[in-house]
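Proteins come first, then strands; the chains are lettered A, B, ... in the order of their sequence lines, and each starts at number 1.
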2 protein chains.
Amino acid sequence: MARPSGSDAGVTGPRVRQAAERLFARHGYAAVSMRQIAAEVGIGAGALYHYTPDKQALLAGLMRDHMTEVLAGWAAADPGGDPVARLDAFARFHIRFHLDRPDAVFIAYMELRSLEPANFAEIERLRREYEAVPQDILRAGAASGAMRVPDVKLAGMALIAMLTGVNTWFREGGRLDRGAVERIYAGMARGMVGA
Amino acid sequence: MARPSGSDAGVTGPRVRQAAERLFARHGYAAVSMRQIAAEVGIGAGALYHYTPDKQALLAGLMRDHMTEVLAGWAAADPGGDPVARLDAFARFHIRFHLDRPDAVFIAYMELRSLEPANFAEIERLRREYEAVPQDILRAGAASGAMRVPDVKLAGMALIAMLTGVNTWFREGGRLDRGAVERIYAGMARGMVGA
DNA sequence: GTCTATAGTGAGATAGAC
DNA sequence: GTCTATCTCACTATAGAC
C-alpha cells in the first residue's frame with residue numbers, strides 16, 4: 001500500500017543526484033549549497049544526508065558515473081577495424097554523447113579542481129583512459145598510411161577539444177541539427193589528419 | 001623618501017589583481033575568499049576594499065582586461081592579406097598568447113557563470129568579437145577558393161576550441177617546445193579546412 | 001593605507017523527535 | 001525518511017582608530 005507520506009525510497013536518491021548535477025553545472029560546485037539542492041528536491045537540508053555522506057561524495061559520484069558511462073558508451077559504439085571508419089565513428093559518438101549530457105560534461109571538465117586528492121586521482125585516471133581512445137585510432141591510422149599524423153598525442157587532444165567545444169554553442173532547434181553538426185565535424189576531423 | 005611602513009600605492013593594487021587571478025584560476029571564484037586574497041598579498045581583508053569596490057568587480061576587471069588584451073594582441077599580430085597566411089598566424093598567435101596567460105584564460109572560460117548580468121553582457125560581447133576573427137578569415141579563404149569550409153561558424157568555433165585545448169595539457173619543459181606545438185597545430189588547422 | 005573589530009548572513013553537517 | 005533545531009565556522013563588507 002501507500003508508503004508514509006513524503007517517503008519514496010529509490011526515487012529521492014536519483015532526484016538528489018539530478019538536482020545536484022543541474023545546480024553544479026549552472027553555478028559551480030562551490031557556489032551551490034546543500035540547502036539549494038534540498039530545496040530543488042523538495043526536502044529539508046538534513047534529509048540529504050541519507051543519500052550522500054557529504055557534498056564532496058555527491059560531486060565525485062556524479063563525475064565517476066559520467067566517466068564510466070562515456071567509456072562504456074564508446075566500447076559499445078566502437079566499430080573496430082578500419083582506422084578512418086573508427087575516427088568517423090568516434091567523432092560522431094563523442095558529439096552525440098556529450099550533447100545528450102551537457103550538465104555532466106560541464107561538471108566533468110570544470111570541477112576537477114573541486115575534487116579532493118583521492119577523488120581527483122580516480123577521475124583523472126578515467127579521463128586518461130578516454131583520452132587514449134582517439135590516440136589509439138590515430139596511431140593505427142598513421143601506421144597503415146591512411147592518415148598523416150605529425151604527433152599522435154597532440155592530434156588526439158586537439159580532436160577531443162574540438163569535438164567537446166560543440167557543447168559551448170550548440171542549441172537544439174538552431175540553424176543546424178545534430179546530424180549535420182556530426183557530419184561537418186567528422187569531416188573536419190578527417191581533414192585534420194589528412195584522411 | 002621612504003613611504004610610511006606598509007604603504008605602497010601603485011604596487012599593492014596590481015598585486016591584489018595578480019593574487020586574485022592566481023587564486024580564482026586555481027580554486028574558482030566562488031571557492032576563494034577575500035581573506036585568502038588578502039593573505040596572499042600580505043594585508044588584512046579590510047584593506048582590499050581600497051582596491052576594489054567588491055569581489056565581483058575584481059573578477060569582472062580581470063576578465064575585461066584579458067579580453068581587451070587578446071583583441072589588441074591579434075590586431076597587432078594580424079598580417080592581413082592571404083587568408084591561408086592569416087589562418088596560420090592566427091593559430092600561432094592564439095596558442096602563444098594563451099600559453100602566456102594560463103590563469104587569465106582559465107578564468108575567462110570558466111567564470112562566465114560567476115558574472116552578474118551586466119558584467120556578463122559586456123564580457124560576452126568581447127568574446128563574440130574575438131570569435132569573429134577566425135570566422136572572417138575562413139570566410140575569405142572559402143570565397144577565394146583557397147579553403148574548403150563547409151560551415152564558417154562551425155569551423156571557426158572548432159578552431160578556437162582546438163587551439164585553446166593546448167592549455168589543458170602543455171607543460172613547459174615537456175616533450176615538445178612551444179614552437180613545435182605551434183607548428184603542428186597550425187598544420188592541423190590548415191588540414192581542417194583543406195588549405 | 002592598513003589595522004582590528006564587528007555586523008549580518010549563510011554555510012556544512014549532526015541530533016533527536018516523529 | 002523527513003523534519004526542526006542547532007552547533008560551529010566562515011564569509012562579505014563596513015566602521016573607525018592610527
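- Comparing D/dA13, C/dG12, C/dC3 against the side chain of B/I43 picks out C/dC3 as the nearest.
- The aromatic rings of A/W74 and A/F93 are tilted relative to each other, their planes meeting at an angle between 30° and 60°.
- Between B/S33 and D/dC11, a side-chain N or O to OP1/OP2 separation shorter than 4.0 Å is present.
- Using a 4.0 Å heavy-atom distance criterion, B/G44 is classed as a sugar-phosphate-only contact.
- Contact check for A/L58 versus A/V16: side-chain heavy atoms found under the 4.5 Å cut-off.
- The residue B/V32 sits close only to the backbone: its heavy atoms come under 4.0 Å of sugar-phosphate atoms, none of a base.
- When rounded to the nearest whole Å, the span between OH of A/Y49 and P of C/dT14 equals 7 Å.
- Taking atom OH on B/Y51 and atom C1' on C/dC3, their separation rounds to 13 Å, with Å as the unit.
- Computed from coordinates, the A/L48 CG to C/dA11 C1' distance equals 13 Å when rounded to whole Å.
- Taking atom CE of residue A/M34 and atom P of nucleotide C/dA13, one finds them 6 Å apart after rounding to whole Å.
- Between A/H27 atom NE2 and C/dA11 atom C1' the separation is 16 Å, expressed in whole Å.
- Atom NZ in A/K55 sits roughly 17 Å away from atom C1' in C/dT14 (whole-Å rounding).
- Protein atom CG of B/D54 is 18 Å distant from nucleotide atom P of C/dT9, rounded to whole Å.
- When each of D/dA13, D/dT6, C/dC3 is scored by its nearest atom to the side-chain atoms of B/A47, the top-ranked nucleotide is C/dC3.
- The CD-P distance, from A/Q36 to C/dA11, rounds to 7 Å in whole Å.
- A donor-acceptor pair under 3.5 Å links the side-chain atoms of A/Q36 to the main chain of A/S33, judged by distance alone.
- Taking the six-membered ring where tryptophan is involved, the planes of A/H98 and A/H66 are perpendicular, since the angle between them exceeds 60° and thus also 30°.
- Ring geometry, A/F24 versus A/Y29: the interplanar angle exceeds 60°, so the pair is classed perpendicular (tilted spans 30 to 60°).
- Counting distance only, with no hydrogens placed and no angle test, the side-chain atoms of A/R35 and the base atoms of C/dG10 include no donor-acceptor pair under 3.5 Å.
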